[in-house]
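Scroll down for the structure; my scribbles are underneath it.
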Amino acid sequence: MKNIQNITSDLIYLGVSDRKLSLFEAVYPVPEGVSYNSYLLKDEKTVLFDTVDKHCFEQFFENLEAGLDGKNLDYLVINHLEPDHSALIKEVIEKYKNIKIVCSQKAKQMLFQFFDFDFDIENNFVVVKEGDVLSTGKHELTFMMAPMVHWPEVMVTYDKTDKIIFSADAFGSFGALNGNIFDCEVDFASKIDEYRRYYSNIVGKYGTQVNMLLNKAKNLEIKTICPLHGLILKENISNIVEYYSKWASYTPELNSVLIAYASVYGGTQNSAEILAFELAKKGVKNIKMYDVSMTHYSYILSDAFKYSHIVLASPTYNNCIFVKMEQFLSDIVAHNLQNRTFAIIENGSWACNCGDNIKKTLENLKDVKFIEDKLTIKSTLKENQISELEKLASEIVNDLK
Ligand code: FEO
């Protein structure tokens with residue numbers, strides 16, 4: 001049964017929400033599901049913007065047919081070729097054989113990496129480049145390249161007529177849509193954590209490229225953002241652009257402390273907890289703590305994009321960093337986090353060396369610094385080390401100022 005909704009009189013939401021998926025991209029937990037957004041513009045010509053993930057096949061085609069309501073499908077715009085959006089492209093093309101496929105040169109090349117077609121589709125392509133315009137009747141669509149937001153073939157499409165930007169992965173979020181497809185229909189502020197987790201984990205590495213897209217968007221009047229995941233944005237456009245400006249430039253949102261610790265038998269955790277109390281006593285607010293063994297690293301990375309100061313507390317393990325902490329650090333490096341201050345608590349019952357290894361892992365990130373004195377404990381924190389811990393807390397607080 002069709003499940004579609006009008007965005008404007010000419011634009012229909014065809015997307016599908018998935019609440020069965022446990023790991024998005026086989027990596028990220030999505031406890032509140034995820035939506036794959038697809039849109040149909042009905043002008044003199046009809047235009048489909050992207051498709052959905054393959055297991056949403058049936059619902060998508062019911063939606064598409066209902067949206068077309070007997071009309072032919074003239075154009076397929078491929079803004080992003082990642083399979084969560086492109087999985088049904090082959091079926092769309094084989095169903096609407098005369099369809100024009102509008103995409104970047106890179107997307108055309110990559111399309112054949114993913115699909116083999118039963119007939120020659122060379123003449124179906126309309127390959128576009130930066131600034132190219134397509135008129136569909138009343139609507140004028142302009143294409144802007146957005147490479148590496150999140151893949152190299154990505155472009156975004158601007159509908160000048162209704163001031164709508166089809167933003168591909170940009171401005172998306174984890175979380176299924178629950179009837180309310182617009183930001184103005186939900187408590188948007190409560191959603192920001194999942195926007196940040198999506199941004200930091202999916203496109204966080206590509207801040208420079210996101211900034212380039214933000215600069216292009218600055219020159220456009222935008223009334224609606226139609227992303228490939230999550231809510232359609234109308235009321236919170238300047239709000240989300242402001243968040244994106246911070247995230248893309250690796251500017252912390254909060255001048256406070258994130259403590260990520262690993263602890264096998266409790267000694268390291270105890271030190272981290274005492275440090276947290278000490279920081280609180282010294283006036284630090286909104287301290288956040290994670291046990292890296294217990295929380296998926298995508299959540300901790302998201303808060304690493306939020307917080308200015310990060311304390312890393314870890315036991316030595318296999319003569320190096322504890323495995324779960326090592327995984328978190330490698331995620332920080334992979335996502336190119338910058339402009340942060342780190343402090344270190346290291347633990348080692350013998351041959352303690354993880355502090356130096358933590359520093360070595362992170363020191364080449366851009367604009368990072370380390371609180372000079374790390375705290376070293378042997379198995380457990382001792383009473384005579386409290387002054388050292390207080391000193392570490394003081395140095396962090398001084399740096400926060
Ligand atoms: Fe939702 Fe990069 O795909």
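Every heavy atom of this structure was used, including side-chain atoms; hydrogens, water molecules and symmetry mates were not. Here the structure is a predicted model, which means the values were calculated and not measured.
Atom NZ of Lys129 sits in a sparse spot, with 12 or fewer heavy atoms from other residues, nucleotides or ligands closer than 6.0 Å. Heavy atoms of other residues, nucleotides or ligands lying less than 6.0 angstrom from NZ of Lys108 number more than 12. For Phe61, the CZ atom sits in a packed shell: over 12 heavy atoms of surrounding residues, nucleotides or ligands are nearer than 6.0 Å. For Lys54, the NZ atom counts as loosely surrounded, since its 6.0 Å shell holds 12 or fewer non-hydrogen atoms of other residues, nucleotides or ligands. Counting heavy-atom neighbours within 6.0 Å of Gln113 CD, excluding the residue itself, gives a total above 12.
Remark: Ala217 engages Ile222 in a side chain to side chain contact (heavy atoms under 4.5 Å, CB included) (not counting sequence neighbours). Residues forming a side chain to side chain contact (heavy atoms under 4.5 Å, CB included) with Ser379 (at least two apart in sequence, or on another chain): Ser349. Checked against ring-ring contact (aromatic ring centres under 6.0 Å, His included), His309 has no partners two or more places apart in sequence or in another chain. Partners of Lys223 under the salt bridge (charged side-chain N to carboxylate O under 4.0 Å, His left out) rule, at least two apart in sequence or in another chain, do not exist in this structure. For Phe115, there are no ring-ring contact (aromatic ring centres under 6.0 Å, His included) partners, not counting sequence neighbours.
By the 4.0 Å N-to-carboxylate-O rule, Lys234 lies too far from Asp183 to be salt-bridged with it. Between Asp356 and Lys374, at least one side-chain nitrogen of the basic residue sits less than 4.0 Å from a carboxylate oxygen of the acidic one, meeting the salt-bridge criterion. At a threshold of 4.0 Å, the pair Lys95-Glu91 does not count as salt-bridged, since none of the basic side-chain nitrogens sits closer than that to a carboxylate oxygen.
No donor-acceptor pair under 3.5 Å is formed between the side chain of Ser314 and the backbone N or O of Ile321. A donor-acceptor pair is defined here as one N or O able to donate and one able to accept, closer than 3.5 Å; such a pair exists between the side chain of Lys216 and the backbone of Met145. Asp116 places no side-chain N or O within 3.5 Å of a backbone atom of Phe112 that could act as its donor or acceptor partner. The backbone N or O of Lys138 sits less than 3.5 Å from a side-chain atom of Thr161, completing a donor-acceptor pair.
Looking at Tyr36, Phe166, Phe143 one by one, the single match for ring pair (Phe, Tyr, Trp, His ring centres under 6.0 Å) with Phe49 turns out to be Phe166. In summary, of the residues considered (Lys306, Lys191, Lys246), a side-chain contact (heavy atoms from CB on, under 4.5 Å) with Arg196 occurs for Lys306 alone. For the ring pair (Phe, Tyr, Trp, His ring centres under 6.0 Å) test with Tyr199, the passing option among Phe171, Tyr244, Tyr243 is Tyr244; the others fail. For the side-chain contact (heavy atoms from CB on, under 4.5 Å) criterion with Leu76, the lone passing option out of Asn124, Val102, Ile99 is Ile99.
Counting only residues at least two apart or on different chains, the ring pair (Phe, Tyr, Trp, His ring centres under 6.0 Å) pairs with a member in residues 252-308 are Tyr250-Phe305.
Using a 4.5 Å heavy-atom threshold, the side chains of Ser330 and Thr361 count as separate. A heavy-atom distance below 4.5 Å is found between the side chains of Leu41 and Thr136. No side-chain heavy atom of Tyr39 sits less than 4.5 Å from a side-chain heavy atom of Leu48. By the 4.5 Å heavy-atom criterion applied to side chains, Arg197 and Asn201 are counted as neighbours. The side-chain heavy atoms of Ser245 and Leu214, taken from C-beta on, include a pair separated by under 4.5 Å.
With rounding to the nearest 0.5 Å, the separation of CG in Leu381 from OG1 in Thr376 is 11.0 Å.
Taking the six-membered ring wherever Trp is involved, the centroid distance between the rings of Phe322 and Phe328 does not fall below 6.0 Å. Residues Phe174 and His229 place their aromatic rings such that the two centres sit no closer than 6.0 Å.
Summarising the geometry of Leu68 relative to Asn72, their closest heavy-atom pair is CD2-O, 3.7 Å, with the distance given to 0.1 Å.
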inquiry  = Between His80 and His150, is the side chain to side chain contact (heavy atoms under 4.5 Å, CB included) condition met? List the steps.
reply    = CA-CA 8 Å; His80 187 14; His150 143 235; 3.9 Å; yes
